[in-house]
Structures are given as structure tokens and as C-alpha cells.
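Below, read A as the first sequence line, B as the second, and so on, with proteins coming before strands; counting in each chain starts at 1. What you see is a predicted model; the values in this text were computed from it and never measured.
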Amino acid sequence: MPELPEVETVRRLLEPCLRGRLIEKVTVLRQVIAHPGAEEFIRRVTGRRFDIMKRRGKFLGFLLDDGQKMVLHLRMTGCLLIEPAGVPAEKHTHVVFSLDDGRELRFSDMRRFGRFWLFAPGEADSSGAEKLGPEPSDPALTGDYLRAKCGKSSRAVKECLLDQSVVAGIGNIYSDEILFAARLMPSCPASRLTRRSWQQLARLIGERISYFTEKNKISLEDYLRSKGGDYRNTPYLQVYGHAGQPCPVCGTQLRRTVIGGRSSVYCPHCQKLPRTKKTQ
DNA sequence: CCAACCCCCTGAACGC
DNA sequence: TGCGTTCAGGGGGTTG
């Protein structure tokens, strides 16, 4: 499941391949265009050239040479590949952009949750990317910001990390990793965190996401060879996917639970409620 | 404003 | 062996 580090990896790898390329033809095989309609999407993208790629949270933005902006969210299983036009496409390929170098940019998505949007210059972005909270690397993401935003909430702290309007780009994997690093129980009600906990959490969000973004580096060749499915951070994950195994710090068996409908793994010994009494 | 729930979609894992 | 059921999960939408 691509979260911020994986989406950033895709951006870094694809931008040099796409920048300046002419889009000769667009084929939409399945309904994955959220806005505008597929016909208009095809008409407005065909004949344009790719410019730079941006990323905001888990959203990818493709700027086009006429000022339009194409937005893509990969959701769970979405994947972008660049392959020669002659190579057979993946089974769940839904959109194909034929480029002027004989290659194709292909969007495949087994579960078909991923979505494209296209916005004209000056048009309001309705993809949801505008409602995102700060990036993990944004200096505005401080302990006081988090405390002001979530400090009175009865939600579990993990739900706050997964809320894209609180902080952008964190999904189920990295929220567990961040909370493990912060020694906080994922189920801890946000209202019980101390000011100090919020500060530590803000710092660790930036630190962990930056760490995993660096660790996720992969060559374009390896990326394409693995069909975009090589999640290189797997060896570096300390708790996610390790339920039942010993905690890497204390050896206690890691536990799995469900929080906000999401599978969550934590160490019952290392991860606790904040030490001091409830706030208020 | 917020919480709770549904929905989308497919393949893997599981149960009989 | 094979078929039916359950589950996972990002985020938008709806309902209460």
C-alpha cells in the first residue's frame, strides 16, 4: 500500500522519464477518472506534454505544458509503470498514455480504488489534496499544532495520525511504526497525550517518514522489474506485519488489535499511555 | 461539528 | 477438490 515514502519514490523515478514527453494518445479502459468525464479527460490531455511532477501527501500531481494539472491517487493497489508500447500490459491496466518515445505510461490497479482528476488552470482542485494537513517535513507540523488540532479528541492517537487533514501522507504501516518509535499505545485516546508527547510525536512523524523515504530508494530498473510492487521498507519495519513475533527492543510478543477498523500491531510492554495524569 | 457506518473492488485465506 | 464466505484497506459519502 503506497504511503508518502512510496509515492515520493514513484515521483522521483518517473519525473525524469516523463518531463517533456508528448502525450500522443490516451486510452481509458475502466472508469477511474473522477473528474471531468473520461471523454473530456482524453481530449484535454491528448497532445499535451508532461512537465514537472509534484507530490502532496499521497497525491501525485502531473503538471502539463498548458497549465493543466492532472492529479492521481494510487489508493491501495494503484501502480504506475513506463514500458515500451510492445510489451503486454499488466492485467489490471485501466489507463494508458502513449508517449512520443515509443513507450507508454500505464496505470494499473487491481482493486480499482485509484482515481485521476484533471483541472484547468485556475480551476479549484476538488481531488481532496487541498484539504490535507501539513507534510511530515513541514516545520508547521509542531507539537502545539497537533495538540491544538487533536488534543481534545476522544479518538485514538492512531486515528489522528491516519487523518489526512491532520498530517498528510501517513497510512496504516507508518502510523504503527511512528507510534512504536514514540512508545505510545495506538489506542491511546488523543486527549490523554501530554504536551511533551505531542512534541515528541511531531518530531518522530518527520523523522520516521524521512527515514523511510530514504530507505525506499530503488532504481528505475528494479522498480519496473518488480512492476512497482517492491516495497523496500519491509526489512526496516519494526512492528507492522510482525504480530506474534518478539519486539525488536524488549522481546515481548507483539500484539495485533483493531483501531478505527485498521489492523494495528504494537508492543504491549514498550508502548504505553503517557505517564502523567490526564490533561485537564 | 462529529462519530459511525457504508461503499468501492479483488485476491488471498479460510471453512465446510 | 471445490465452492462459498470473510477480510483487508484509503478516503469520500451518507446518515444519525
Enquirer: In whole angstrom, what separates A:Glu130's CD from C:dG11's P?
Expert: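 Result: 15 Å.
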Enquirer: Please find out if less than 6.0 Å separates the ring center of A:Tyr240 from that of A:Phe180.
Expert: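 They do not qualify: ring centres at least 6.0 Å apart.
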Enquirer: Measure the distance from CG on A:Leu162 to P on C:dA8 and round it to the nearest whole Å.
Expert: 15 Å
Enquirer: What contact category does A:Ser165 fall into here, base, sugar-phosphate, or nothing, at under 4.0 angstrom with non-hydrogen atoms?
Expert: nothing
Enquirer: Is the gap between the ring centers of A:Phe212 and A:Tyr236 under 6.0 Å?
Expert: no
Enquirer: From C:dG9, C:dG12, B:dA3, pick the nucleotide closest to the side chain of A:Met76?
Expert: C:dG9
Enquirer: Using a strict threshold of under 4.0 Å (side-chain N to carboxylate O), is an ion pair present between A:Arg55 and A:Glu8?
Expert: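 Between A:Arg55 and A:Glu8 there is a salt bridge, with a charged N closer than 4.0 Å to a carboxylate O.
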Enquirer: According to a strict under-4.0 Å criterion, is A:Tyr240 in side-chain N/O contact with OP1 or OP2 of C:dG9?
Expert: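 Affirmative; the distance criterion is met.
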Enquirer: Once you apply a heavy-atom cut-off of 4.0 Å, does A:Arg115 come out as touching a base, just sugar-phosphate, or nothing?
Expert: nothing
Enquirer: Could you check whether A:Ser263 gets within reach of a base, just the sugar-phosphate, or nothing at all, counting any heavy atom under 4.0 Å?
Expert: sugar-phosphate
Enquirer: Please give, in whole Å, the distance from C:dG10 C1' to A:Trp117 CH2?
Expert: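 Going from A:Trp117 (CH2) to C:dG10 (C1'), I get 10 Å.
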Enquirer: For this output row, return yes or no: ring centroids of A:Phe119 and A:His35 closer than 6.0 angstrom.
Expert: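 For A:Phe119 and A:His35, the ring centres are under 6.0 Å apart.
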Enquirer: On the nucleotide B:dG11, are OP1 or OP2 found under 4.0 Å from the side-chain N or O atoms that A:Lys91 carries?
Expert: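 Yes, A:Lys91 has a side-chain N/O under 4.0 Å of OP1/OP2 on B:dG11.
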Enquirer: Round to the nearest Å and state the distance from A:Arg111 atom CZ to B:dT10 atom P.
Expert: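 Computing the A:Arg111:CZ to B:dT10:P distance gives 10 Å.
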Enquirer: Within this structure, what is the CD-to-C1' distance between A:Glu6 and C:dG10, rounded to whole angstrom?
Expert: 14 Å
Enquirer: Looking at A:Asp176 and A:Arg262, is there a salt bridge between them, counting it only when a charged N and a carboxylate O are closer than 4.0 Å?
Expert: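 Looking at A:Asp176 together with A:Arg262, the answer is no, because their closest N to O distance does not fall below 4.0 Å.
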Enquirer: I need the CZ-P distance between A:Arg155 and B:dC2, as an integer number of Å.
Expert: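 Between P of B:dC2 and CZ of A:Arg155: 8 Å.
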Enquirer: C:dG10 phosphate, OP1 or OP2: any side-chain N/O from A:Arg262 under 4.0 angstrom?
Expert: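 Yes, such a contact exists.
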Enquirer: Describe the nucleic acid contact of A:Tyr174 in one word from base, sugar-phosphate, nothing, applying a heavy-atom distance below 4.0 Å.
Expert: nothing
Enquirer: What is the separation between atom CG on A:Asp109 and atom C1' on C:dG9, rounded to the nearest whole Å?
Expert: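 For the pair A:Asp109 CG and C:dG9 C1', the rounded distance is 12 Å.
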Enquirer: C:dA8 phosphate, OP1 or OP2: any side-chain N/O from A:Arg256 under 4.0 angstrom?
Expert: yes
Enquirer: Under a 3.5 Å threshold, yes or no: a donor from one side chain and an acceptor from the other, between A:Glu177 and A:Tyr211?
Expert: no
Enquirer: If you check every side-chain atom of A:Arg112, which of C:dG12, C:dG9, B:dT10 has the closest atom?
Expert: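 Among C:dG12, C:dG9, B:dT10, the one nearest the side chain of A:Arg112 is B:dT10.
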Enquirer: Taking atom C1' of B:dC9 as reference, at what distance in whole Å does atom CZ of A:Phe107 sit?
Expert: 12 Å
Enquirer: Taking the side chain of A:Lys58 as heavy atoms from C-beta outward, which of C:dG9, B:dT10, C:dG10 is closest to it?
Expert: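 Of all the options, the side chain of A:Lys58 is nearest to C:dG10.
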Enquirer: For the base of C:dG10 and the side-chain ring of A:Phe113, does the geometry meet a stacking cutoff of under 5.5 Å between centres and under 30° between planes?
Expert: yes
Enquirer: May I ask you to verify if any side-chain N or O of A:His92 is less than 4.0 angstrom from the OP1 or OP2 atom of B:dC9?
Expert: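 No, A:His92 has no side-chain N/O under 4.0 Å of OP1/OP2 on B:dC9.
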